[in-house]
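Just so you know, ligand 1 is whichever comes first in the structure, and atom 1 is the first atom listed for that ligand. Only this structure's heavy atoms are used, side chains among them; waters, hydrogens and symmetry mates stay out. The model shown is predicted, which means the values in this text are computed figures rather than measured ones.
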Amino acid sequence: MLSPIRRLSPQTVNRIAAGEVIERPAAAVKELVENAIDAGASRIEVLLSGGGIARIEVIDDGAGIARAQLALAIERHATSKLTDEALVDIATLGFRGEALPSIGAAARLTLISRPAGQDGAYRITVAGGEVTETVPAAGGQGTRAIVEDLFYATPARRKFLRSPRAEGDAAERAVWRLALAAPEIAFRLVADERVVFDLPAQAEPARVAALFGRDTAAAMLKLEAERDGVMLEGYAAPASTTRATPVLQSFVVNRRPVADPLLRMALRLAYRDVVPAGRHPVAALRLTLPPEALDVNVHPAKTELRFADANGVRSLVIGAIGRLLERPISLDGAPPAFRPGLNLRSPAPAPSVAARGFAEAELALLSPPSARGLMPAAPAALNYPLGAPVAQILDTYVLAVAADGALVIVDQHAAHERLTEERLRGEFLAGRVAAQPLLLPVVVDLPMTDASRLLAQASALARLGLEIEAFGPGAVLVRAVPAALKDADAAAMLRDLADEFRDADTPLALESRLDAALARLACHRSIRAGRRLAPEEMAALLRGMEATPRAATCSHGRPTFLKLTKADLETLFGRT
Ligand code: ADP
Ligand code: MG
C-alpha cells in the first residue's frame, strides 16, 4: 500500500533541487560569481579552501541586497531578474531564483550585503535550510557570500565528491571560464592561500593572453563572422598549436560561458583534417545572437543551450574557422598530422594489408620522384629483423629490406618517439630520470591556473628530470630538463604537462600520471616527420627499435612500422 499523497516541505524541495543546481563545489562557485556579475560588480574575488568543499567565499562590489530583501534572496524562486512575462528575453546569467536556496539547503550559507546608500551592511545565514535573523554586520558596498561545509546537510551528495584537489580544479576552471566571458571585470582567484590569478579589468585580447598563456595567445588568430543575425567573434589557434586535452577551449554565448556539445563538436569538425588524433585545438569563441534564437533554460545549471537554428550555428563556426585555417601560416614545429584515412592499420609482426589500403595518396607516396637516398643494402644488416635501410621517402618514412626479404616502412617520428619514451621510462623506474641543468634557465609563461598546478607538483616533476620554480604570477622558471630531451622546447613540454596534471588527486593517480607524462614528454624530442635522415641515422633508428620493448607501436597506439611480406605483395598485385 502506498501512503497518501502529501506536499513536500520547502526544505525537502530545496534539497532535491540542490542536487540539480549545485552538483559540486564548482557549481556553487559558478552560481555565486554569476550573481556578482549580474549585480554589476567591477571587481570579484573568489577564495576557496579545501577545493571549495570546506569553504567558498565570493566578494563583489556590485549593487548589493537591501536589508529587507536578504531573507527573500534565499527563498526559492525569488529573483530580481525575471518578470513573469519575460522568459525569452534573458539578459542576466541567473533568472531561476534557485541558486541561493539550493546552496542554503545543502550547506551553511552566509550573505553579508550593503547596497549603496544603506546605513551599513546586514547579514543573514541559512544552514541546512534553517534561516537566521537578519542582523547588522561589518561590510563595505557590495556582497560577500560565504559557503561552508558544502553538502553537510545532504550526505548522499557528499559521498559523490571527489578529492579536494579535483573539486578545486573544477571550481578554478569555473572561475576561469567566467573571467574569460567578462574581461571588463577584475577577477582575483585564491585557492588555499595560493593566488591562482589576479587580473585587472582588461580588454579581451589581454584577458585571453592571461588565461590561455601569453605564448599560446600569441599564436592565436582573430576571428569574426556573421550569419543570419548570429555574430561569431574570438580567437583560434592554427593547427600547429594544439593541446593534449580540450582545456584551452572556451565558448561564450550571449556573455554566458557554456559547455555546449554542439559548439564543441563544431570546433572539432572545423579542425578535423589538420589536428592529429589525440590532440585538441585551442580557441576562445564568443557567439552573440538575438535572445529569441536561443533557449538557455534547458538545464538547471544553464550550461547547455538550445539554438533555434542549430545547423546555422554549426556552419558558421566550421566555416569561419575553416577560412582562418586556410590562411598561410608557419607550420614549423607542427606535430605530424595523423590522417586516419592513410594508415595501413597493421602493427608488426604479420601485417595483412587490405588492397584498399593503397589509396591514391599512398601510390603518390611510393612514386619514384619522391624517393631519395637510394643505396645498396648493406649485407650485414640483413641479419637484423628490420633489415637494412635503403631509402628515406617524403623525409618522413624509412624504407628497409628485412632479413626475410619483406619490405619495411618505418614512420621515423612515431618510432623515435617510442624509443625516447622507453629510455625515459627505464630511467624513471630505476629511480629518477637523469636531469640536464640548463645553462640559461628558461622562463615559461603559462595560464595562471596551469602555472600554479605545475608548481604544486614540483617535487614529482623533479623525478622526471624537470626542475621548476615559481617566477611570478603565470610564469615558471625551468632550471633543468630530462637529459634525453635536452634539445626539446621547454615551454611546449610544460604546457603539455600542465594538461596531464589536471585532476592529479590521489598519490596512486600521481604515479600513473607520471608514467603518462613520460609518453607525453617523449613526443617533444622525437625526430620530426620532415627531417632528412643520414643513412647512419636510419640504421641507428632501426637497430634502436629492435632493442626496445614495445617498439611496434608509438605511445598513441599507432604502428611505428609496416611490413609488407612476399604474401602481402602478391595479394596486392593480384598474383594469388
Ligand atoms: P537568481 O540569480 O536566479 O535570481 P539566486 O538564488 O542566485 O537567483 O539569487 C536570488 C536573488 O538574490 C537575485 O535575483 C538577486 O536579486 C540577489 N542576489 C544574489 N546574489 C547577489 C549579489 N552578489 N549581489 C546582489 N544581489 C544578489
Ligand atoms: Mg543566481
Side-chain angles (χ1 to χ4, degrees), residues 10-11 13-23 25-47 56-87 89-118 121-126 129 131 134 137 139-147 150 174-175 177-178 181-182 185-188 254-257 296-303:
Q11 207 160 327
V13 172
N14 281 335
R15 280 187 192 172
I16 292 171
E20 283 193 314
V21 184
I22 309 297
E23 247 191 301
V29 169
K30 168 186 163 295
E31 293 293 339
L32 296 175
V33 174
E34 285 184 352
N35 280 347
I37 295 175
D38 284 344
S42 63
R43 182 183 163 75
I44 299 173
E45 183 165 5
V46 181
L47 311 171
I56 300 165
E57 182 168 352
V58 176
I59 306 164
D60 71 58
D61 62 356
I65 308 168
R67 171 190 182 177
Q69 297 231 293
L70 272 173
L72 203 55
I74 54 176
E75 254 180 47
R76 192 167 177 71
H77 302 312
T79 176
S80 57
K81 303 173 191 173
L82 187 70
T83 56
D84 282 323
E85 300 77 45
L87 198 48
D89 187 10
I90 293 162
T92 49
L93 296 170
F95 56 87
R96 298 169 55 117
E98 283 183 315
L100 297 183
S102 298
I103 296 171
R108 189 167 21 256
L109 167 69
T110 300
L111 292 178
I112 302 168
S113 196
R114 175 178 180 177
Q118 184 172 289
Y122 283 82
R123 184 179 71 210
I124 193 167
T125 296
V126 48
V131 184
T134 302
Q141 197 209 308
T143 304
R144 251 175 92 191
I146 302 157
V147 180
L150 196 55
V175 185
R177 301 210 285 149
L178 285 156
I185 299 176
F187 269 91
R188 181 175 143 93
N254 286 3
R255 308 190 55 76
R256 179 189 304 280
V296 290
N297 198 17
V298 179
H299 186 271
K302 300 162 291 179
T303 50

| Is it the side chain (CB and beyond), the backbone, both or neither of E98 that lies under 4.0 Å from ligand 1, heavy atoms counted? |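 Looking at E98 and ligand 1, just backbone atoms fall under 4.0 Å.
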With the threshold set at under 4.0 angstrom, would you say [X] reaches ligand 1 through any of its heavy atoms?
X    : result
P101 : yes
A63  : no
E31  : no

Starting from [atom], locate the nearest protein heavy atom and write down its residue, its atom name and how far away it is, to 0.1 Å.
atom                    : value
atom 4 (O) of ligand 1  : T79 OG1, 2.6 Å
atom 9 (O) of ligand 1  : L100 CD1, 3.6 Å
atom 26 (N) of ligand 1 : I65 CG1, 3.3 Å
atom 7 (O) of ligand 1  : N35 ND2, 2.8 Å
atom 1 (P) of ligand 1  : G97 N, 3.6 Å
atom 22 (C) of ligand 1 : T143 OG1, 3.7 Å
atom 23 (N) of ligand 1 : D60 OD2, 2.8 Å
atom 12 (O) of ligand 1 : A73 CB, 3.5 Å

From [atom1] ([X]) to [atom2] ([Y]), nearest 0.5 Å:
X    : Y    : atom1 : atom2 : result
I37  : L93  : CD1   : CG    : 5.5 Å
L150 : I103 : CG    : CD1   : 7.5 Å
R67  : S113 : CZ    : OG    : 13.0 Å

| field | Atom indices of ligand 1 within 4.0 angstrom of G64 heavy atoms, with elements | value |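 Taking each heavy atom of G64 in turn, ligand 1 has 25 (C) under 4.0 Å.
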| field | Residue A78 vicinity, atoms of ligand 1 by number, heavy atom under 4.0 Å | value |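 This gives 10 (C) as the contact atoms.
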Is there side-chain contact between [X] and [Y], with heavy atoms separated by less than 4.5 Å?
X   : Y   : answer
L32 : I56 : yes
I44 : I59 : no
I22 : E31 : yes

| message | I want to confirm something. Looking only at heavy atoms, which of S80, S102, A39 is nearest to atom 24 (N) of ligand 1? | response |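 The option holding the nearest heavy atom is A39.
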| query | Short check: any N/O/S atom of N35 below 2.8 Å from the Mg ion (ligand 2)? | reply |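 Under 2.8 Å: N35 contacts the Mg ion (ligand 2) through an N, O or S atom.
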| task | Apply side chain to side chain contact (heavy atoms under 4.5 Å, CB included) to the pair R144 and L111, showing each step before the final yes or no. | result | CA-CA 6 Å; R144 251 175 92 191; L111 292 178; over 6 Å; no
| query | What's the verdict on side chain to side chain contact (heavy atoms under 4.5 Å, CB included) for Q69 and S80, showing C-alpha distance, side-chain angles and the deciding distance? | reply | CA-CA 10 Å; Q69 297 231 293; S80 57; 5.6 Å; no
